[in-house]
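Okay, so here's the structure we're looking at.
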Amino acid sequence: QVQLVESGGGLVQAGGSLRLSCVASTRTFSDYHMGWFRQAPGKDREFVATISWMGDLTNYADSVKGRFTISRANAKNTVYLQMNSLKPEDTAVYYCAAAGKYRNAVLITQYDYWGQGTQVTVSS
């Protein structure tokens with residue numbers, strides 16, 4: 001069982017930045033590919049970014065390419081999402097997820113464990 005705890009969300013003005021963190025409670029963090037998803041009110045949960053267990057492969061949703069960066073620190077059991085040039089449409093609850101099998105996973109069903117989410121609100 002892997003527990004994931006996100007932090008770093010908050011209220012920011014458009015054009016601002018936030019860094020989300022997700023800490024995993026497992027001794028085998030480096031066995032998992034990690035991802036970030038988000039869910040806005042009234043919308044389905046959507047893929048944001050993913051990173052392979054070694055950190056050598058990343059993939060992003062088109063809507064965040066060039067603005068968001070996913071990274072990980074295996075020694076700290078932590079994955080990050082640096083979000084720059086934030087827009088009001090980035091407002092959502094952001095979820096961290098762990099995939100034990102699929103590299104470059106973009107589908108919700110490919111992830112085995114989920115965090116509780118952290119709220120990001122971008123004001124115009």
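Just so you know, these numbers come straight off a predicted model, no measurement behind them.
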**Item:** Heavy-atom donor-acceptor pair, Asn74 side chain to Trp53 backbone, under 3.5 Å
**Value:** yes
**Message:** Quick check: Trp114 with Phe37 (ring centres under 6.0 Å apart)?
**Reply:** yes
**Message:** Going by side chain to side chain contact (heavy atoms under 4.5 Å, CB included), name the residues that satisfy it together with Ser71, two or more places apart in sequence or in a different chain.
**Reply:** Tyr80
**Message:** Between Asn104 and Ser52, is there a side-chain heavy-atom distance shorter than 4.5 Å?
**Reply:** no
**Message:** Is it the case that atom OH in Tyr102 sees more than 12 heavy atoms from other parts of the structure closer than 6.0 Å?
**Reply:** no
**Request:** Report the distance from atom OG of Ser17 to atom CG of Leu86, rounding to the nearest 0.5 Å.
**Result:** 6.0 Å
**Asked** Checking Glu6 side chain against Gly117 main chain: does a donor-acceptor pair fall under 3.5 Å?
**Response** yes
**Prompt:** Cluster question for you: counting only ILVMFWY and a side-chain heavy-atom cut-off of under 4.5 Å, with indirect links fine, are Met34 and Val48 together?
**Reply:** yes
**side-chain contact (heavy atoms from CB on, under 4.5 Å), paired with Met83, selected from Val12, Asp90, Val120, Val122** = Val120
**Request:** Verify the distance criterion only: is there a donor paired with an acceptor across the side chains of Thr50 and Asn59 at less than 3.5 Å?
**Result:** no
**Message:** Let's go through Thr118 and Leu20 carefully: what are the C-alpha distance in whole Å and the side-chain angles of both, what is the deciding distance for side chain to side chain contact (heavy atoms under 4.5 Å, CB included) to 0.1 Å, and is it a yes or a no?
**Reply:** CA-CA 8 Å; Thr118 184; Leu20 306 183; 4.0 Å; yes
**Item:** Plane angle bin for Phe68 and Tyr94 - parallel if under 30°, tilted between 30 and 60°, otherwise perpendicular
**Value:** tilted
**Prompt:** Going through the distances and angles, do Asn84 and Gln82 end up as a side chain to side chain contact (heavy atoms under 4.5 Å, CB included)?
**Reply:** CA-CA 7 Å; Asn84 298 329; Gln82 177 67 43; 2.9 Å; yes
**Item:** Where Gly100 and Asp112 come nearest, the two heavy atoms and their spacing
**Value:** N-OD2, 2.7 Å
**Geometric cation-pi criterion Arg38 and Phe47, 6.0 Å radius, 45° cone** = no
**Asked** Where do Ala92 and Ala40 come nearest, in terms of heavy atoms and distance?
**Response** CB-N, 3.8 Å
**Asked** Any salt bridge between Arg103 and Asp56, counting N to O under 4.0 Å?
**Response** yes
**Asked** After noting the C-alpha distance and the side-chain angles of Thr69 and Tyr60, does the key distance pass the side chain to side chain contact (heavy atoms under 4.5 Å, CB included) rule?
**Response** CA-CA 8 Å; Thr69 303; Tyr60 298 90; 3.8 Å; yes
**Request:** To the nearest 0.5 angstrom, please state how far the OG atom of Ser25 sits from the CD atom of Gln1.
**Result:** 8.5 Å
**Request:** Look at the side chain of Arg72 and the backbone N and O of Gly55, then say whether any donor-acceptor pair between them is shorter than 3.5 Å.
**Result:** no
**Fill in**
Closest heavy-atom pair, Ala73 versus Phe29, reported as atoms and distance to 0.1 Å, is O-CE2, 4.2 Å
**Nearest heavy atoms of Ala49 and Leu81, plus distance in Å** = CB-CD1, 4.2 Å
**Message:** Taking CD in Glu46 as the centre, count heavy atoms belonging to other residues, nucleotides or ligands within less than 6.0 Å. Is the count above 12?
**Reply:** yes
**Trace of the side chain to side chain contact (heavy atoms under 4.5 Å, CB included) decision for His33 with Gln110** = CA-CA 10 Å; His33 311 296; Gln110 292 175 310; over 6 Å; no
**Prompt:** Has the side chain of Thr121 got a donor or acceptor atom that lies under 3.5 Å from a matching backbone atom of Thr91?
**Reply:** no
**Asked** Around atom CD of Gln119, are there more than 12 heavy atoms of other residues, nucleotides or ligands at under 6.0 Å?
**Response** yes
**Fill in**
Nearest heavy-atom approach of Leu4 to Ala24 is CD2-CB, 3.5 Å
**Prompt:** Checking Arg45 against Tyr95: charged group under 6.0 Å from the ring centre and within 45 degrees of the axis?
**Reply:** yes
**Asked** Are Val93 and Ile70 connected, step by step, through hydrophobic side chains (Ile, Leu, Val, Met, Phe, Trp, Tyr) whose heavy atoms are closer than 4.5 Å?
**Response** no
**Euclidean distance, Lys65 NZ relative to Thr58 OG1, rounded to 0.5 Å** = 9.5 Å
**Message:** Starting from Ile108, can I reach Tyr111 by hopping between I/L/V/M/F/W/Y residues whose side chains sit under 4.5 Å apart?
**Reply:** yes
**Message:** How close do Ala98 and Tyr32 get, counting heavy atoms only, and between which atoms?
**Reply:** CB-CD2, 4.0 Å
**Message:** Tell me if a side-chain donor or acceptor on Thr78 pairs with a main-chain N or O of Lys76 at a distance below 3.5 Å.
**Reply:** yes
